[in-house]
Amino acid sequence: MPAELIDGVSIAREIRQEIAEKAARLAERGIRPGLAVVLVGDDPASAVYVRSKGRACDEAGMYSSTINLPATTSQPELLEVVNRLNADSRIHGILVQMPLPKQLDADTVIRAIDPRKDVDGFHPVNIGKLLIGERDGFVPCTPAGIQEMLRRSAIETSGAECVIVGRSNIVGKPMAALLMQDAAGANGTVTVCHRHTRDLGAHTKRADILIVAAGRAGLVTADMIRPGAVVIDVGMNRIDDPNSSRGYRLVGDVDFESVSKVASRITPVPGGVGPMTIAMLMSNTVKAAEQIGAA
Ligand code: GUN
């Protein structure tokens, strides 16, 4: 039987509705959650993400501000913008879109963001809080979205073999930290694979829940999947497609065609993890507004 799709679009819509209700309750207390997105340069894929973040905020009744900076922006200029947003009382969440142009040092920029406004969850303070299980920090949006997607799809993580392919600071590492916690929606047995892993397929084949965030189109094929596994595809790769009006199409890291015949549940690309990431960004912004507003 073909795998059932995990529909990120409809789960994210449900979450955004809940966020709009929370934002409305905060508004009654005079607090309007505000998100600032900083985009340096004109990478077209980043521009698409940033626009959809702004639209989602508007729909939820949140304040949003996009700061477009030229690709030639210097490190002091970007830090100046971050410092201004740290001090701006309308702004509860700050996101600096990655990747940054090469003259800019992402680690320094991330450290400059007030951890209380770090809705990306990339600041070392928030990564540390995630690792030790402190709940008042921010969890990076993509792993948080995957956990929420599993929870709302009634997929049991407790005791499950969770195999993650990819060890980025944005997805793989925080995903591992999240699933290994002694907490609801976690308690998994976690394996993290990367480009030095010997026999990748031997690991992925053990997975009850396989999460792939490697950035390589078609990396995971049907022979690497345990029958009945749940497969979460974080990949977002543009491949040439002369039949498409844009000249390319988006595919994940998982060979959907073959894997969907073996897995029990699978996320599509697009329409799987992507919409969840934006929903969690908004959720983190509302959490920041609640915490800063109450301070
Ligand atoms: N680029 C790709 N994903 C992300 C994300 O979650 N946050 C930021 N800041 N940049 C990204």
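What you see is a predicted model; the values in this text were computed from it and never measured. Every number for a ligand or one of its atoms is a count from 1 in the order of the listing. For the single chain, residues carry numbers from 1 onward in sequence order.
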Side chains of E18 and K22: closer than 4.5 Å at any heavy-atom pair? no
So do the side chains of I155 and I6 get within less than 4.5 Å of each other, counting heavy atoms only? yes
Atoms of ligand 1, numbered as shown, that sit under 4.0 Å from any heavy atom of L95: 9 (N)
Protein heavy atom at shortest distance from atom 9 (N) of ligand 1: D120 OD2, 2.6 Å
Using a 4.0 Å heavy-atom threshold (strictly under), name the region of Y49 that reaches ligand 1: side chain, backbone, both or neither. neither
Could you tell me whether a side-chain N or O of S283 sits under 3.5 Å from a main-chain N or O of A279, the two making a donor and an acceptor? no
When you look at CG of D136, are more than 12 heavy atoms from neighbouring residues, nucleotides or ligands closer to it than 6.0 Å? yes
Quick one: which of I19, L35, I15 gives a side chain to side chain contact (heavy atoms under 4.5 Å, CB included) with M282? I19
Is there a nitrogen or oxygen of T142 sitting under 3.5 Å from a nitrogen or oxygen of ligand 1? no
Identify the closest protein heavy atom to atom 10 (N) of ligand 1: which residue and atom is it, and at what distance? M98 N, 3.0 Å
For atom 3 (N) of ligand 1, is the nearest protein heavy atom closer than 4.0 Å? no
Please name the pair of heavy atoms, one in L179 and one in G185, separated by the smallest distance, quoted to 0.1 Å. CD2-O, 4.0 Å
For ligand 1, which atoms sit closer than 4.0 Å to a heavy atom of V96? 8 (C), 9 (N)
